[in-house]
J.: 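So that we are looking at the same thing, I have put the structure below in structure tokens.
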Amino acid sequence: MSLAKVFTNLFSAEPLDQESVRRRAIHRDWDRLRAQAATPAEREEIDAIFSRSL
């Protein structure tokens with residue numbers, strides 16, 4: 001996760017609704033799994049799976 005993204009998440013002034021909380025959790029898991037992918041094909045598969053949930 002980029003430093004800018006971390007600061008945006010920490011200092012976000014707007015209250016979060018349930019949908020925003022859900023999307024942030026999905027993106028957090030997505031970023032974590034992409035970082036752990038061993039091959040470009042694995043990363044593409046992860047992207048395909050997560051993009052369907054948004």
J.: Counting only N and O atoms by type, is there a donor-acceptor contact under 3.5 Å from the side chain of E42 to the main-chain atoms of A38?
T.: yes

J.: About how many Å separate CZ of R34 and CD of E44, when rounded to the nearest 0.5 Å?
T.: 9.5 Å

J.: Are the side chains of S51 and W30 in touch, meaning some heavy atoms are under 4.5 Å apart?
T.: yes

J.: Measure the CG-CZ distance between L33 and F50 for me, rounded to the nearest 0.5 Å.
T.: 5.0 Å

J.: Quick one: pull up CD in E19 and CZ in R22 and give me the separation to the nearest 0.5 Å.
T.: 4.0 Å

J.: Kindly compute the distance separating CD1 (I46) from CD1 (I49), expressed to the nearest 0.5 Å.
T.: 7.0 Å

J.: Just verifying a value: how many Å separate R23 CZ and R28 CZ, rounded to the nearest 0.5 Å?
T.: 14.5 Å

